[in-house]
Each structure stands twice: as C-alpha cells, then as structure tokens.
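Below is one structure, written out as structure tokens; comments come after it.
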Amino acid sequence: MVQYSVLYVDDETALLEVGKIFLERSGTLTIETVSSAREALSRLGRQPCDAVIADYQMPGMDGIELLKEVRQRFGDIPFILFTGRGREEVVVEALNSGADGYIQKGGDAQSQFAELEHRVVRAVERRRAIQALRDSEERYRALFEGANDPIFIFEEDRFVDCNSKVLETFQCTREFLIGKTPWELSSPVQPDGLPAFASAIEKMRAAYSGQPQFFGWRISTPSGKRYDVEMSASRVNVKGPRQLQAIVRDVTARKQTEAALMAANRKMHLLSGITRHDILNQLTVLQGNLEFMRERITDPVLLGYMDRQEQVIGFIGRQIAFTQDYQDLGVRTPDYQGLRECVARAAADLNSRDLALLAEVGEVEIYADPMLEKAFYNLFENSIRYAGPAPTVRVRCQRQGGSLIIAVEDNGSGVPAHEKEKIFIRGFGRNTGLGLFLVREILSATGLAIRETGEPGKGARFEILVPEGGWRVRDAGAAA
C-alpha cells in the first residue's frame, strides 16, 4: 500500500496521540508528531515529508506563521490547517497564504480524522501530478531546445513555437517567425512540382488526419538564402487547437554534393561512351585487316598466330561490352519489377531455341536495380554454356520468414563444391569470368544476395535472397 509521510504539528500532546492513531489506521499515511512550529521547521530542515498538518493556535508561532515559513523555505509542500471552529477569518488568511485546505476541529473524531486523511491524500497526489507535469514539460523543453535539428510547432497552419536551432539555422528572430504560414517562408515551387501553398496544405491535412508525413522541401529565408531540407510532420495530441510538430533536416550540402557527383558521372559516361565507340571502331578495323591477311597467307604457323590475335580481339570486345553493363549499374533509380516479366524478357533476349524455361513466380515484384533483367540473362546464359545441349531452367519462389528466396535451377552437371564461392569472383571461369560477378553486383546494389546451393552432378541451383521489405505480391486485379 502506498504510504505518504506526514508531519503533524499541535501543542496538545493528547490530540497528537489520538490523531496519529486515527490517521495511520488505513495504512496510507505515516505520521510523525511535533508539538511546536519551531520544532516542525527544524524537522523539515533535516528530512522532508509529503505533507504538513498544523494547528492554528500554538504558542511562539501560530499555524499561519508556520505556513508562511514553510512556503518561503520549503516551497509548495501540501499544508492542511487544523483549526478550531468560529475562526473563518483564519481560514481565509490561511488560503490566501497558500494553504491546500483546512479542517475545523470538533464533532465525531473518526469522521473528522477520515476527512483530514482524505484532504491530505488529495493534496499530496495533486502536488505530485503537478510536479510530474512540470517535470515532463521541462524534459520536453530540454529535448526541444537541445535537438540538433530545427523543430517547428504549428497551430492550424501557422507557426506558434520553434526551438533555438531554427533561429540559428535560418537566421531569423522568433518574433519574425511566430504567426507566419509555412508557404510565406518557402520557395514558390516545391520539389514535388506543386506551388508551396498547395503542397503545404496537402501535407498538413494528411498529418492532421493522423498520417505522419516525410518529404523534401525548399525553404527561402528572409535574407534570401534557400535551403533544401527533409521534413517530417506529425500531429501533436494535446488539448486545445490542433498542433503539428515538424522536424527539419538541412540537406543543402548533400544536395549540392549529389548534383556535383551527377555532373561528374555524366561527364564520365560521355567520355566512356566515346572511348568505347572509338576502341570498337579500331577493333573492327583490326578484325577486317586480319581477314584480308588470312586470304593471302597460307603458312600454318602464321595462321595460328592470327587465330590467337582474333581470340584476343574477341576477349577485348567482351570486356568492353562488360564495361558498358557495369557502367549502367546504379545509374537509374531502383524500383519494383514484376519477376515473371523480367525472367521472360531475359530468356527472350538470349534468342536461344535450346533453352526450356519453367517460371513459377506468380505475381511477385522485386525492388531491385533496373538491371535485374541482365542478372537473369547472365544466369540463363550460364546454364546454356555449362548445362549441355537443350538445358532446362526452372525459376521459382519460396518464402522464408519475411524474406523471399528465388531459386534458379538447371539440369546440368552442377558446380563442384570447391568452386561455389569462386564462381562469383571477377575473372574466374572458362569464358570471360564476368557474368556471375556482374550478377552479384547487380543484386547487391539493393541488398539482394546470391549463392550457389546445388548438389554437384545434379544441376546448378542459384538462390537469390530478397530481404523483408524488398519484395511484394502484386494485386492480381491490377496485374490483369
């Protein structure tokens, strides 16, 4: 049972004894008694308590004087005045001096002390509730002001508060900010393509309806400086007018870096494309000249040298083709792709009548790099190369907890146990050694993993692990 400690002050020793017995009966209160106001102040100085009960008429210092001293020295500790009848002017003075209540002496002792206990408990619990609210507000204010990101508070559609980081970041005063709407401090057109007013209203309505919002925004400060920010807005559940809290993160520097990287990438792609084009042209010239030489040379030794040169030309051509595929990796934004369609296109691109494809993937969609089709193309090409004539490839899906496993199986001889990891290393293999390396790179761009788990002699089995959140099942009606 909860116990509150109470200091009971009265110059009547007999009344203290009786009162202590009655007040401790329920087990809610523990009572310590003292017979003078001076002694009470000394006791409070040594050890605090939850409440004070005090008589009014005491020698040396009366109850009102004690109350004033307690308020001055010990703050808002609950104080109940226990006074005699016919002292209404004392009651008024006590309440004006900060007393939490009073009880008049006289009448049935049990009822009187039960009421006194009730008043004490109510006063203590009220004080604790107020203190808890005050502590909560102080903690919130400390977090609010100590946050490293700017935080705005909206009431309806206007700013009503902000932390110091807002003023520091956007170089304005609180007086300038309060009362303004967000579109008054924003660029006319926002990243979503909408005017600032329309975009802000749309997002605020959604947030007020209970749907937290996270979006890019462009702020324009009074000084004319513009900031690219990421903003999260959510409803604050408080009494009174509707409020939103918006947390802002300045991403201007990041956006500038991204823009610079994109510009550099465009230049590199342009240079790479021109270089590849020129090299391929020269390889074509070289191949043509070798053909002319082959028409005029009959020496078997020289023809052997020419065969090796043509092999080198072919290898260089394949390496250049790989650099173009690898350059495209990560350039376009990942998105959900229908697995069935992706697998079908990859098989069709092979243009091989010898491949029998069995796809059992339903309406699954995978969040992956747009080059996902190329990954399946390389897996199928690997089966055609190593599984012998007329290979059969089966693609199917299997849930594993929240994840998804996509299995690609063929009917070839499989992969020796000691090569299961090596086959994904760049340069390993009898051909270019780039196909499966590129497959792993394409998949890992969005957190997908691949491994070979087939049994040697019974065919290859590649398992693509798609983590939870990286796949979904398309609505059949929408697919149709």
Side-chain angles (χ1 to χ4, degrees), residues 1-139 239:
M1 183 177 293
V2 175
Q3 289 191 330
Y4 300 132
S5 61
V6 178
L7 183 63
Y8 183 12
V9 191
D10 200 305
D11 61 329
E12 294 284 345
T13 305
L15 185 59
L16 288 177
E17 293 175 355
V18 171
K20 178 178 173 65
I21 292 171
F22 273 109
L23 291 171
E24 288 186 339
R25 272 185 172 178
S26 70
T28 303
L29 305 179
T30 59
I31 306 298
E32 183 174 346
T33 61
V34 292
S35 57
S36 72
R38 297 292 179 192
E39 192 178 351
L41 292 171
S42 176
R43 165 65 178 73
L44 289 170
R46 294 193 309 271
Q47 183 177 346
C49 64
D50 293 314
V52 175
I53 300 172
D55 184 25
Y56 166 66
Q57 194 168 0
M58 295 182 292
M61 179 185 290
D62 64 27
I64 299 294
E65 292 171 324
L66 173 61
L67 169 61
K68 291 178 180 178
E69 283 290 320
V70 167
R71 286 287 171 264
Q72 183 177 351
R73 294 164 59 178
F74 304 107
D76 59 352
I77 179 174
F79 193 105
I80 308 296
L81 191 67
F82 198 22
T83 181
R85 292 186 180 276
R87 295 185 178 275
E88 285 76 11
E89 73 284 356
V90 172
V91 170
V92 172
E93 186 179 1
L95 294 177
N96 288 337
S97 299
D100 294 272
Y102 71 94
I103 294 288
Q104 290 186 328
K105 295 179 180 178
D108 178 66
Q110 183 168 335
S111 300
Q112 179 178 246
F113 283 108
E115 175 64 17
L116 183 57
E117 178 187 348
H118 173 71
R119 292 287 184 90
V120 169
V121 170
R122 189 172 64 181
V124 172
E125 290 181 344
R126 178 175 176 274
R127 178 180 184 255
R128 291 190 173 185
I130 291 172
Q131 186 61 46
L133 179 60
R134 187 179 298 135
D135 291 344
S136 176
E137 289 175 347
E138 288 177 357
R139 284 194 298 270
K239 292 182 180 179

Is the backbone of D62 close enough, under 3.5 Å, to the side chain of E65 for a donor and an acceptor to pair up by distance?
yes
If every non-hydrogen atom of C49 is compared with every non-hydrogen atom of I77, which pair is closest and at what distance?
O-CD1, 3.3 Å
Look at the side chain of R71 and the backbone N and O of G98, then say whether any donor-acceptor pair between them is shorter than 3.5 Å.
yes
Any donor-acceptor pair under 3.5 Å from D50 side chain to S5 backbone:
yes
V121 vs Y4, test: side-chain contact (heavy atoms from CB on, under 4.5 Å). Steps then yes/no.
CA-CA 8 Å; V121 170; Y4 300 132; 4.0 Å; yes
The reported gap from OG in S97 to CG in L81 (rounded to nearest 0.5 angstrom) is 10.0 Å
Quick check: does any side chain N or O of E24 sit under 3.5 Å from a backbone N or O of I31, one acting as donor and the other as acceptor?
yes
Residue set satisfying salt bridge (charged side-chain N to carboxylate O under 4.0 Å, His left out) with R73, at least two apart, ordered chain then number -> E69
Test item: R43 side-chain N/O and Q47 main-chain N/O as donor-acceptor pair under 3.5 Å:
yes
Working to the nearest 0.5 angstrom, can you tell me the gap between E39 CD and L7 CG?
8.5 Å
Can you tell me if R119 uses its side chain to pair, donor with acceptor, with the backbone of D100 under 3.5 Å?
no
Between L41 and F74, is any pair of side-chain heavy atoms under 4.5 Å apart?
yes
Taking the cut-offs as 6.0 angstrom to the six-membered ring centre and 45 degrees off its axis, would you call K105 and F82 a cation-pi pair?
yes
Can you confirm whether the side chains of S42 and R38 place a donor and an acceptor under 3.5 Å from each other?
no
Is the shortest side-chain heavy-atom distance between V9 and D55 below 4.5 Å?
no
Return each pair, listed once, that meets ring-ring contact (aromatic ring centres under 6.0 Å, His included) where at least one residue sits in residues 16-43; pairs must be two or more places apart or across chains.
F22-F113
Can you tell me how far apart NZ (K20) and CG (L15) are? Round to the nearest 0.5 Å.
13.5 Å
To the nearest 0.5 Å, what is the distance between CD1 on I53 and CG on L116?
4.0 Å
Reported CE-to-CG distance for the pair M61 and L67, which is rounded to 0.5 angstrom:
11.5 Å
Any I103 side-chain heavy atom under 4.5 Å of Q112 side chain
yes
Tell me, with the steps shown, if R122 and E117 meet salt bridge (Lys or Arg N to Asp or Glu O under 4.0 Å).
CA-CA 9 Å; R122 189 172 64 181; E117 178 187 348; over 6 Å; no
Using modelled atom types and a 3.5 Å cut-off, is there a donor and acceptor pairing between side-chain atoms of T28 and backbone atoms of Q3?
no
Could you check if a side-chain atom of I80 sits within less than 4.5 angstrom of a side-chain atom of Y102, using non-hydrogen atoms only?
no
When rounded to the nearest 0.5 angstrom, what distance separates CE in M58 from CD1 in I64?
10.0 Å
